[in-house]
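In what follows, chains carry the letters A, B, and so on, assigned in the order in which the sequence lines appear, proteins first and then strands, with residues in each chain numbered from 1.
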Amino acid sequence: MPRSRRSRSSSASRADPPGAIVAAPLARVRYMLRTLIEELPGKLGEQVTVRGWVNALRDQKRVQFVIVRDETGMAQAVLGKDEQPSELNEAISALTAESAVTLTGTVVGDERVKLGGLELKIDSLLVDSLAEPELPIAEDSALDKRMDWRYLDLRRPDRRLIFEVQTRIEQAMREFWRAEGFIELHSPKLMGSASESGAELFHVDYFDRDAYLAQSPQFYKQMAMSAGFGKVFEIGPVFRANPSFTSRHDTEFTSVDMELSWIDSHEDVMAVEERWLAHVLGAVAESHGEAIRETFGTEVIVPTVPFPRVTLAEAKEMLSAAGHDVPDAGHDLDPPSERALSALIAERHGHEFCFVTDYPAAVRAFYHMRHEDDPALTKSFDLLWRGIELTTGAQREHRYERLVAQASERGVEVDSIQYYLDFFRYGAPPHGGFGFGLTRLLMMMLAQENVREVTFLYRGPHRLTP
RNA sequence: GGGGGCGUAGCUCAGCAGGUUAGAGCGCUGCCCUGUCACGGCAGAGGUCGCGGGUUCGAGUCCCGUCGCUCCCGCCA
């Protein structure tokens, strides 16, 4: 929980806030009089105004309790009731769970109160918005129903923690990039042609012609290499028209992409990625590790560097030797194999991460660079964490003729991507990079079973609302 | 796209060798309860059992179709 919020009690409200527009007499800006619930322990004896939602109402013969919840916690508010209930008593009796209310009262310590040992003696109540009496979802409702009523679902404190962690993750990523001289890109999401396979593209009408939603910033971050940017990153939406029905796919998700110039091999890319992730997990462990343990019952373990590395061929040998069924040569690992490999690496190396390298050219994108001594293999890698694929990366082919040859060989329509191929005609540095699934990282970090849990508003083959 | 599972009250579920008026917990409504804190007590409302068709004297229960949801595989991040 953040502790740095400034108190906004009434005692501080008389002075004009910094930067307020004081010249407009009819629209005088003033501080909100709101006190956050996490601030109440420091306000004993003071009259404060708390604004939030009715978490529970216990309306008894002689005393009424309102449990009020805001984004920082919950507190009990109390009001005595005489033989003849007051107007205020009647107003409290008329409250419903999840109504939005403004409660003003005096903060009083009371050992009897299990919720923080204090309560608010109610002086006044403003019902900002009365909730309808029966809510469409409960805590134990099915995921799909919770998605229908996502804003109610998200009111729960553990859901909020997901997005506080996500915010910290992105902040830590940028800390790293900024310290290492990366430039941030915002590449277009509307494209005139496919950037990779084409099969998974969403088509949109674009005036009098066709356009597509970007399924990756791949081509544009490579263009930035030819532009001499050196090191770039982007955090942004990507769109995939896959009819995928699993717990870890969606049709729109947040992709984290990096690309680096002047590398010697894909090894340089992995070396940056593992340091970057160690920084991110370290930051999250420090700021939210305890809350994650308490709320989700899982530990954020800061990885040591370097991460274990195995080639795809070695991985299959390891799995076979351990008695697992493994896909044939020439194929990628299937999800059960990925989980088994992560388990083996954890057991033998005590590490949650694993780079799998040297994928066959046949299962990788045409722009992946081939090994000089074995052109059937690419200078590529996947990164597994706790059994799930977080990343695909590679050194890219930056030599024009070879790139064109590889595209043709793979049946890519060269004409439609000529603009991309042109990036490599006027001096392109050796480069590589990777794409990284932010929602997958969050899902595994918080021990959630579905990306929908960690996506603000999920988009899938059958869901376009809310 | 292939395979498995599931659709019964606002929510979570039970019911099924097919047999009168379909149940529970939570929630909701009303009454009662001097401090609750998963408050407690009493009473009550609420369901054409996803939809359509079939078998049968009789279908929530069996069969077929259909729609929706879900998980796994494929695809990938």
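Nucleic acid contact class of F245(A) (heavy atoms, under 4.0 Å, all strands): base. Nucleic acid contact class of V113(A) (heavy atoms, under 4.0 Å, all strands): base. Residue T392(A) is in sugar-phosphate contact alone, with no base atom involved, counting any heavy-atom pair closer than 4.0 Å across all strands shown. At the heavy-atom level, T254(A) lies nowhere under 4.0 Å from the strands shown. A142(A) comes within 4.0 angstrom of sugar-phosphate atoms only, judged by non-hydrogen atoms across all strands, and of no base. If you check every strand for non-hydrogen atoms under 4.0 Å, K81(A) touches nothing. Across all strands shown, R463(A) has no heavy atoms under 4.0 Å from either base or sugar-phosphate atoms. Heavy atoms of L135(A) sit under 4.0 angstrom from primed sugar atoms or phosphate atoms, though from no base atom.
Applying the salt bridge (charged side-chain N to carboxylate O under 4.0 Å, His left out) definition to pairs two or more places apart or across chains, those involving residues 432-458 of chain A are R146(A)-E453(A).
Taking the six-membered ring for Trp, Y420(A) and F219(A) have ring centres closer than 6.0 Å.
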**Report entry** E98(A) and W53(A): CA distance, side-chain angles, deciding distance, side-chain hydrogen bond (donor to acceptor under 3.5 Å, both in side chains) verdict
**Finding:** CA-CA 5 Å; E98(A) 294 303 323; W53(A) 285 264; 4.8 Å; no
Query raised in the report: Can you check side-chain hydrogen bond (donor to acceptor under 3.5 Å, both in side chains) on D128(A) and T102(A), steps first, answer last?
Result: CA-CA 7 Å; D128(A) 294 293; T102(A) 298; 2.7 Å; yes
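Counting only heavy atoms from C-beta outward, the side chains of S380(A) and T392(A) never approach each other to under 4.5 Å. In this structure the side chain of L281(A) never reaches within 4.5 angstrom of the side chain of I301(A), judged on heavy atoms.
Formation of a donor-acceptor pair under 3.5 Å by the Q448(A) side chain with backbone atoms of L446(A) is found in this model.
Checked by atom type, the side-chain pair D158(A)/T295(A) shows no donor-acceptor distance below 3.5 Å.
Between Q215(A) atom CD and rC75(B) atom P the separation is 16 Å, expressed in whole Å. In this entry the distance linking CZ of R146(A) with C1' of rG10(B) reads 17 Å, nearest Å. For E449(A) and rC71(B), the CD to P distance is 9 Å, given to the nearest whole Å. Across the protein-nucleic acid pair, D59(A) atom CG and rG30(B) atom C1' stand 13 Å apart, rounded to whole Å. In this structure, I122(A) atom CD1 and rU36(B) atom P are separated by 17 Å, rounded to whole Å. Rounded to whole Å, the distance from CG on L79(A) to P on rU34(B) is 16 Å. Taking atom CG of residue L95(A) and atom P of nucleotide rC28(B), one finds them 13 Å apart after rounding to whole Å. If you measure from atom NE2 of H249(A) to atom P of rC71(B), you get 12 Å, rounded to the nearest angstrom.
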Report task. State the dot-bracket string of RNA chain B. Criteria: Watson-Crick or G-U wobble, both atom distances under 3.5 angstrom; notation: ( ) intrastrand, [ ] crossing earlier pairs, | interstrand, . unpaired. Result -> (((((((..((((.....[...)))).(((((.......))))).....(((((..]....))))))))))))....
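Comparing rG35(B), rG1(B), rC69(B) by their closest approach to the side chain of D144(A) singles out rC69(B). Among the nucleotides rC11(B), rC73(B), rC75(B), the one closest to the side chain of D140(A) is rC11(B). When each of rC72(B), rU34(B), rG35(B) is scored by its nearest atom to the side-chain atoms of T246(A), the top-ranked nucleotide is rC72(B). For E134(A), taking side-chain heavy atoms from C-beta onward, the closest of the listed nucleotides rG74(B), rG10(B), rG35(B) is rG10(B). Taking every side-chain heavy atom of P336(A) into account, rC73(B) is the closest of rC73(B), rC71(B), rC33(B). With distances taken from any side-chain atom of S141(A) to the nucleotides rC72(B), rU12(B), rU70(B), the minimum falls on rU12(B). Of the listed nucleotides (rC76(B), rG35(B), rG74(B)), rG74(B) has the atom at the smallest distance from the side chain of P335(A). With rA38(B), rC75(B), rU12(B) as the candidates, the nucleotide lying closest to the side chain of K114(A) is rA38(B). Side-chain proximity of K121(A) to the nucleotides rU34(B), rG35(B), rU70(B) is greatest for rG35(B).
Here the shortest heavy-atom pairing between P327(A) and S337(A) reads CD-OG, 3.5 Å. Taking every heavy atom of both residues into account, L213(A) and L201(A) meet most closely at O-CD2, 3.5 Å.
Comparing the C1' positions of rG7(B) and rG60(B) gives a spacing of 12 Å, expressed to the nearest Å. Straight-line distance between the P atoms of rC6(B) and rG47(B): roughly 27 Å, to the nearest whole Å. Taking the P atom of each, rG15(B) and rU61(B) are spaced 15 Å apart, rounded to whole Å. Taking the C1' atoms as reference points, rC63(B) lies 23 Å from rA22(B), given to the whole Å. Here, rU21(B) and rC71(B) have their C1' atoms 39 Å apart, quoted to the whole Å. Between rA38(B) and rG23(B), the distance separating the two P atoms is 32 Å to the nearest Å. Distance noted for atom C1' between rA24(B) and rA59(B): 23 Å (whole Å). Using atom P as the reference point in both rC72(B) and rG30(B), the two lie 45 Å apart (nearest Å).
Nearer to the 5' terminus of RNA chain B, by closest-nucleotide assignment, is the contact made by A138(A) (compared with the other of E111(A) and A138(A)). Residues R339(A) and D332(A) both approach RNA chain B. Their nearest nucleotides, taken by heavy-atom distance, put R339(A) toward the 5′ side.
We find that the ring of F253(A) and the base of rA77(B) stack, their centres lying under 5.5 angstrom apart and their planes tilted less than 30°.
A sub-4.0 Å separation between OP1 or OP2 of rU12(B) and a side-chain N or O of K145(A) is present. Distances shorter than 4.0 Å separate none of the side-chain N or O atoms of N450(A) from OP1 or OP2 on rU70(B). Checking the phosphate oxygens (OP1, OP2) of rA77(B), no side-chain nitrogen or oxygen of T439(A) falls inside 4.0 Å. Between rC73(B) and R248(A), a contact under 4.0 Å exists linking OP1 or OP2 to a side-chain N or O.
If you check distances only, the side chain of Q64(A) never reaches the base of rU36(B) with a donor-acceptor pair under 3.5 Å.
Put simply, the residue from F436(A), F233(A), F182(A) that forms a ring-ring contact (aromatic ring centres under 6.0 Å, His included) with W276(A) is F436(A).
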